[in-house]
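Every chain is numbered from 1, with letters handed out A, B, ... down the list of sequences.
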Amino acid sequence: MSADFKGIRPLADLLRLFIAPAIWLAHLGALYAAEALICAGPQRGHDDKMSWIVFLFTVAALMCLIILAVRTFRPGDGVPRSSGQTSAWFRRITLLLAVLSGSGVIWTSLPTAFLPVCSSAP
Amino acid sequence: MADTATISSYPSTLPRPRDEQAALEAVWASPRSWRIVTDVNNTVIGYFYVGTAMLFFLLAGTLALLIRLQLAVPSNTFLSQETYNQIFTMHGTVMMFLFAVPVVEAMGILLLPQMLGARDQPFPRLGAFAFWAYFVGGLVFFSTLFFDLAPSGGWFMYPPLTSSQFSPNIGADFWLLGIGFIEISAIAGAIEIIVGVLRTRAPGMTLDRMPMFAWTMLIFAGMIVFAFPAVILATILLELERAFGWPFFIAAKGGDALLWQHLFWFFGHPEVYIIFLPAAGMVSMIVPTMAGTPLVGYRLVVVALIATGFFSFGLWVHHMFTTGIPALSLSFFSAASMAVSLPSGIQVFAWIATIASGRLRWTTPSLFILGFLFIFTLGGLTGVMVAMVPFDWQVHDTYFVVAHFHYVLVGGMVFPLFAAFHYWAPAFSGRALSERLGKWTFWLMFGGFNIAFFPMHLAGLMGMPRRVYTYPAVMEWGVLNMVSTMGAFLFASGIALFLIDLARNLRPGGSDTAGNIWNGGTLEWLHNREYGPRSIPIVTSADPLWEQPHLARDVDAGRYYLPGSITGRRETIVTSPIEATPQYLLRLPGPGWTPFLAANFTAAFFMLLTVKAVTLALISGVLAVAMLVVWMWDSDPKPLEPVDIGGGIKLTTYASGSLSHSWWAMIVLLLVAGSLYLAYVFSYLYLWTVSPQFWPKPEALAPVASAVLSAFLLVSGSAILVAAGRVLPHRSRSGRAFELLTGLAAAILLAALIAEVSAQSQAGQRPATDIHGALVFTAAFLQGQIALPILVMAGFVIARSLGGRLVLERRVIFDNFSLLYHYTIGQSLLGLLLVHGFPRLAG
């Protein structure tokens with residue numbers, strides 16, 4: 001029996017489903033950490049620095065999501081090497097999660113456009 | 001397996017041997033009378049588990065009624081301030097930790113094997129251990145109320161109120177040790193559920209055909225793995241502060257009370273979804289049956305579940321909008337809080353669309369589902385309101401928030417749970433619950449709930465604060481509170497009616513159940529007994545009973561896989577995680593005293609430690625470990641020749657490496673350990689941003705050479721264990737070299753820990769002096785608490801090798817030990833880098 005299963009990497013293939021929302025979470029965590037660290041130092045003239053960091057993190061997160069999404073269109077890559085139906089199902093799920101996470105990434109980075117860095121709440 | 005020819009040849013029409021079913025029943029028979037406590041089967045444990053969780057629901061509900069009596073009129077003297085504080089703290093704590101999480105875990109333990117077509121959970125004794133630990137620990141914890149020893153700092157236990165300065169009695173310690181311990185039981189259950197869902201599904205039940213409840217339980221358990229360690233770390237830190245003065249939350253020594261809030265809510269917010277998602281899974285099972293049509297948007301609902309699971313971890317700061325965090329950070333979390341309504345909305349629309357595309361029958365479960373949709377949606381809407389930072393500032397700590405989270409929790413979880421009780425009762429009981437009483441129950445609960453909690457929105461908007469034991473006779477607070485109290489009692493009368501219904505109609509445990517009275521489409525509606533279905537079917541769709549005609553009849557006639565006991569023991573089929581292809585036959589343990597005793601001794605250890613009976617606690621701890629060792633001695637049975645499970649499929653009876661179900665359990669356990677350690681790393685860095693002045697200059701730190709020595713020891717320990725794996729003996733050869741190397745690796749781990757602690761001591765670091773010292777020694781503490789089990793396990797590995805039970809062909813125990821060992825080395829190296837490297841980098 002076991003010879004049939006050598007090609008499948010069940011854990012890795014399963015974890016692939018979770019990459020897109022994990023990117024969203026990592027992006028949020030990075031923005032939060034960046035502000036916390038920037039505001040821990042002397043607080044002057046950090047608006048530009050933070051804007052750049054948010055921009056770079058957001059572009060990086062979106063790039064990762066786009067790569068993940070594009071890979072789902074390449075059969076036999078980025079999905080379990082399994083029967084066609086389950087495989088197509090995995091691809092769709094991964095794609096939908098990438099889209100959902102992408103909108104989440106954009107949405108959570110929007111506040112930077114409207115609020116100053118390190119300002120305390122009134 | 002499962003090529004087209006095999007599937008088409010099934011079900012087999014050959015007659016079954018006459019005594020096959022009787023033998024199967026004998027193997028799975030439960031012990032009689034009081035020996036039932038030794039049983040480990042998921043149905044027995046599941047009944048106990050659900051029953052105990054409901055007991056805590058009633059107890060905590062009674063506390064809620066006491067709260068409402070006290071608040072019914074202004075300036076009431078029914079309860080004293082301290083008693084009231086203990087009661088509301090216990091109400092919240094018991095509802096969240098002893099009812100909400102355990103009851104969904106219990107429903108998982110009870111339902112999942114039936115739903116997935118397995119005979120039992122993959123680790124029956126772990127499930128039994130988790131239950132008994134929860135049962136004993138929970139009851140002891142609750143009984144503190146009767147001795148005026150209950151915690152009184154709120155269910156979230158914020159320091160400094162809960163520090164030894166302001167809460168000197170042991171109530172807080174009961175919370176920290178008791179709840180910390182019960183969380184361990186929740187994690188044990190979560191590991192069981194993850195491996196059960198991924199590895200014991202019926203052949204052919206690919207992930208895209210899996211019942212939605214199983215999907216939600218998978219996400220639920222995954223969230224427990226990542227969320228619970230944060231609060232476990234928080235409880236460790238606060239207990240270390242209370243017991244030994246390590247100042248994690250004391251500002252004067254560089255600590256920060258807000259750290260608790262971060263750690264608590266990093267657990268506490270996902271907790272809401274941990275409770276909600278399984279309930280949503282129940283709804284996704286009940287709605288299609290009641291509407292008579294498959295769930296609309298199965299794929300989108302899976303997407304929504306996964307997204308909700310992750311998004312919910314990005315919301316914790318929205319419980320801290322009034323703590324002075326910079327406005328931009330608040331906005332990130334405010335945006336994330338709004339974003340989570342997207343996946344939640346997908347689920348709600350999927351249910352509405354399913355109801356619209358079918359024809360909903362007006363049954364009791366349907367009513368509870370509609371009640372859920374109404375109440376939960378209202379709670380969701382107020383949730384979006386409090387996600388807005390300025391609005392939250394206005395209503396924070398008022399009754400508006402109390403109303404909001406009761407709408408979400410009771411609406412989102414209790415109503416689906418009652419729908420589930422009415423829906424699944426016929427699958428487990430000789431009689432269904434009464435439809436007439438059920439509808440009365442629903443209307444009393446629905447009316448009572450809204451009468452009780454809707455006015456709280458108004459009271460909150462009028463400024464009535466939470467957690468006050470009484471209030472002056474001003475404005476309309478008195479009227480609103482009286483209405484709330486009446487509603488609460490109406491709600492309670494609905495629960496009482498439900499209990500009467502249970503007493504009249506519930507007949508669990510028999511092999512003749514009321515059956516598939518709703519025409520459900522999933523496998524739990526097969527004729528299930530203690531051992532699940534008579535034979536384990538091939539599944540070819542998401543609703544097999546709807547799509548595969550005669551399935552129930554053929555399964556019950558034993559025409560599919562594993563119609564009897566092949567090896568004379570309890571067994572189930574282990575399948576691959578994605579495609580559910582049969583991989584091997586898992587021999588399961590039967591009844592035994594060890595899980596029950598181990599759980600009792602573990603509970604005794606924690607509870608005795610709370611009342612500072614240290615010697616007795618240590619004796620209990622040693623006994624608990626002894627029970628675990630006895631329990632594990634019989635595990636990992638000897639490989640047998642391949643067996644025929646039917647349909648011409650031969651399976652091995654042993655698997656190691658990533659094929660083994662226990663490898664998966666160990667990986668999940670490592671994720672738990674890793675999450676705990678990352679929470680520590682976060683705490684370290686967070687406290688540095690708060691009090692960098694407490695970090696010593698590089699020249700005052702322990703010398704780099706000591707860190708290098710520790711690192712060298714650690715790496716060589718890993719190398720030695722790899723070498724041990726290489727000399728693992730074949731059946732006939734001596735294992736002397738293997739035993740020696742394993743012992744050496746364990747000793748080296750201990751040596752590295754001792755070297756680190758002594759280097760830090762010599763450098764003048766003391767844990768109680770300031771926050772830096774406390775954090776340095778916490779790293780060592782966390783190292784020690786994982787090194788101790790490794791020492792015990794190393795002894796166990798050596799003993800098994802000496803006893804001839806650990807050889808190359810039977811190596812799972814060693815593989816799992818190695819995984820934990822190498823993980824520990826990795827964690828230790830990260831710890832060294834942080835503790836020795838970070839101050840040099842930052843200084």
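With chain A as partner, the option from B:L300, B:T689, B:I306 having the largest number of non-hydrogen pairs under 4.5 angstrom is B:I306. The candidate from B:L328, B:V317, B:L207 with the greatest count of non-hydrogen atom pairs under 4.5 Å with chain A is B:L328. Most heavy-atom pairs under 4.5 Å with chain B: of the set A:T112, A:I93, A:L110, this distinction falls to A:I93. With chain A as partner, the option from B:P577, B:S658, B:P692, B:S329 having the largest number of non-hydrogen pairs under 4.5 angstrom is B:S329.
The aromatic ring centroids of B:F313 and B:H269 lie 6.0 Å or more from each other. A centroid separation of 6.0 Å or more is found between the aromatic rings of B:Y273 and B:F220. Less than 6.0 angstrom separates the ring centroid of B:W688 from the ring centroid of B:F838. The aromatic ring centres of B:W316 and A:Y32 sit less than 6.0 Å apart. For B:Y684 and B:W695, the distance between ring centers is under 6.0 angstrom.
Only the side chain of B:L198 comes within contact range of chain A, judged by heavy atoms closer than 4.5 Å. A:W107 touches chain B through backbone and side chain together, each having a heavy atom under 4.5 Å away. With a 4.5 Å cut-off on non-hydrogen atoms, A:A22 touches chain B through its backbone and its side chain both. If you measure heavy-atom distances from A:L31 to chain B, the contacts under 4.5 Å come from both the backbone and the side chain. Interface remark: B:Y584 contributes no atoms to any contact with chain A (heavy atom separation under 4.5 Å).
Note: B:M210 CE to B:R201 CZ = 5.5 Å, rounded to the nearest 0.5 Å.
The side-chain heavy atoms of B:H318 and B:S334, taken from C-beta on, include no pair separated by under 4.5 Å.
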